[in-house]
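The next block holds one structure in the form of structure tokens; read it before the comments.
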Amino acid sequence: MMKTLKTSKSHKLICVVAVVAVIATIASACGTVAVTGRKQLMLVSDEDVLSLSNKSYKAYMDTVKVSTDKKNKEMVIRVGKRLAGAVEEYLKSNGHEADCKNFAWEFHLVRNREANAFCMPGGKIVVNEGLLPVTQTEDALAIVLGHEIAHAVAKHSAERMSYQILTNYGASGLKILLSGQSSASKSISQTVYGLGANYGIMMPFSRKDESEADHMGLIFAAMAGYDPQVAISFWQRMQAQGGKIPEFLSDHPSDANRIEQIKKEMPEAMKYYDEHKVKK
């Protein structure tokens with residue numbers, strides 16, 4: 001009986017030590033999202049994610065046709081570059097300068113009637129021609145591009161892949177991966193490539209990620225001097241599209257909830273917008 005009691009206490013102690021070790025290990029792998037300040041788990045390197053992103057982007061672009069509409073192509077590039085410039089200026093001024101080296105911004109308009117857009121990690125953004133009749137103005141386009149840029153800045157793909165690795169390997173794998181033990185670490189790192197475009201890069205984001213991108217995108221548009229207030233009418237037009245929900249909206253909160261949340265975040269965005277007008 002005494003031996004069993006001692007064994008039980010030993011097991012409990014081991015469990016407590018293991019939990020503390022895992023918490024400490026996870027804490028060492030945490031990053032911070034710009035603008036929102038949210039802490040996030042990061043177990044994959046920027047290099048790994050960007051490598052996957054570039055491969056997935058090339059594979060996707062091989063399947064589509066680039067728009068021949070010169071005027072709209074130039075608009076997408078113009079708005080995108082203006083946003084990217086404002087975002088990088090903000091990052092450099094707020095302790096995220098190191099992240100800027102990972103961005104190689106590209107903005108492309110493709111021939112697709114679906115009202116959709118997406119951004120690869122690293123800053124390669126694709127806009128469908130079908131989105132422009134809904135955005136209607138450059139300010140509304142900036143709301144969409146700001147949202148997509150936010151996914152890249154917040155490293156949502158890397159975060160999602162990190163949680164999947166933690167799920168697959170648990171605490172022991174996590175410790176090995178972060179310790180850099182060559183053979184085991186290399187084996188676990190291959191999980192990143194196993195996930196690839198099927199999970200970390202091209203899959204729709206979670207509602208949490210989408211809501212965060214809404215918030216950050218609103219701020220980014222305002223920083224660049226685009227009126228964030230147009231976000232409300234834009235999402236109302238998207239809601240009026242009806243029919244099949246496009247991938248761009250599939251994992252978002254309901255349109256009604258989204259618009260209400262944007263209204264709550266509008267005062268913060270307007271501060272950035274007003275500051276930009278003063279500087280200008």
side-chain contact (heavy atoms from CB on, under 4.5 Å) assessment of Arg38 paired with Gln40: CA-CA 6 Å; Arg38 180 178 63 84; Gln40 59 183 170; 3.7 Å; yes
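- Residues forming a side chain to side chain contact (heavy atoms under 4.5 Å, CB included) with Glu129 (at least two apart in sequence, or on another chain): Ser67, Asp69, Leu109, Arg111.
- Annotation: side chain of His108 is not in contact with side chain of Ile125 (no heavy-atom distance under 4.5 Å).
- One side chain, His147 or Asp214, offers a donor N or O that lies under 3.5 Å from an acceptor on the other.
- Side-chain atoms of Met120 and Lys55, non-hydrogen and from C-beta on, never get closer than 4.5 Å to each other.
- Between Lys277 and Asp274 a salt bridge is recorded (basic side-chain N to carboxylate O distance below 4.0 Å).
- Counting only heavy atoms from C-beta outward, the side chains of Cys119 and Lys124 never approach each other to under 4.5 Å.
- Here the side chains of Gln229 and Asp139 are not in contact, with every heavy-atom distance at 4.5 Å or above.
- Atom CG in Leu41 sits 5.0 Å away from atom OG in Ser162 (nearest 0.5 Å).
- Scored by the side chain to side chain contact (heavy atoms under 4.5 Å, CB included) test, Val134 finds Ala115, Phe234, Arg237, Met238, Gln241 as partners (sequence neighbours excluded).
- Counting non-hydrogen atoms of other residues, nucleotides and ligands closer than 6.0 Å to NZ of Lys81 gives a total of 12 or fewer.
- In terms of the salt bridge (Lys or Arg N to Asp or Glu O under 4.0 Å) criterion, residue partners of Lys155 (sequence neighbours excluded) are, by chain and number, Asp46, Asp99.
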Step-by-step side-chain contact (heavy atoms from CB on, under 4.5 Å) determination, Glu159 to Met42: CA-CA 6 Å; Glu159 183 179 13; Met42 284 294 165; 3.9 Å; yes
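- Between Phe118 and Tyr60, the ring centre distance stays below 6.0 Å.
- Contact check for Leu145 versus Val127: side-chain heavy atoms found under the 4.5 Å cut-off.
- Between Glu212 and His156, the side chains place a donor N or O and an acceptor N or O closer than 3.5 Å (distance only, hydrogens not considered).
- The two residues Gly225 and Tyr273 come nearest to each other via the heavy atoms O-CE1, 3.5 Å.
- Partners of Glu89 by salt bridge (Lys or Arg N to Asp or Glu O under 4.0 Å), not counting sequence neighbours: none found.
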Verdict with reasoning, His215 to Glu268, per side-chain hydrogen bond (donor to acceptor under 3.5 Å, both in side chains): CA-CA 10 Å; His215 179 195; Glu268 180 187 3; 2.9 Å; yes
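- A cation-pi arrangement is present between Arg82 and Tyr226, with the terminal nitrogen or guanidinium carbon under 6.0 Å from the aromatic centre and inside a 45° cone about the axis.
- Taking hydrophobic clusters as Ile, Leu, Val, Met, Phe, Trp and Tyr residues chained together by side-chain heavy-atom distances below 4.5 Å, Val230 shares a cluster with Val79.
- Across all non-hydrogen atoms, the minimal contact from Pro228 to Ala222 is CG-CB, 4.1 Å.
- Residues His151 and Ser157 are not in side-chain contact: their nearest non-hydrogen atoms beyond the backbone lie 4.5 Å or more apart.
- Hydrophobic clustering, with ILVMFWY side chains joined whenever heavy atoms are under 4.5 angstrom apart, keeps Leu50 apart from Met61.
- Remark: Phe103 engages Trp105 in a ring pair (Phe, Tyr, Trp, His ring centres under 6.0 Å) (not counting sequence neighbours).
- When only modelled atom types and interatomic distance are considered, Tyr57 and Glu106 share a side-chain donor-acceptor pair under 3.5 Å.
- Asn112 and Lys65 share no donor-acceptor pair across their side chains, judged by distance under 3.5 Å alone.
- One finds a salt bridge joining Glu74 and Lys70 here, because a Lys/Arg side-chain nitrogen approaches an Asp/Glu carboxylate oxygen to under 4.0 Å.
- Side-chain contact check for Gln236 versus Ser233: some heavy-atom pair is nearer than 4.5 Å.
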Stepwise side-chain contact (heavy atoms from CB on, under 4.5 Å) test for Leu141 and Met75: CA-CA 9 Å; Leu141 176 62; Met75 177 180 67; 4.0 Å; yes
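- The minimum heavy-atom distance linking Thr135 with Ala140 is given by the pair O-CB, 3.1 Å.
- The shortest distance between side-chain heavy atoms of Met266 and Ile232 falls below 4.5 Å.
- The existence of a salt bridge linking Lys263 and Glu260 is confirmed by a sub-4.0 Å separation between a basic side-chain nitrogen and an acidic carboxylate oxygen.
- Looking at Arg78 and Glu138, a side-chain N of the basic residue comes within less than 4.0 Å of a carboxylate O on the acidic one, giving a salt bridge.
- By the rule that hydrophobic residues join a cluster once side-chain heavy atoms approach within less than 4.5 Å of another member, Tyr272 and Leu218 end up as members of one cluster.
- For Lys39, there are no salt bridge (Lys or Arg N to Asp or Glu O under 4.0 Å) partners, not counting sequence neighbours.
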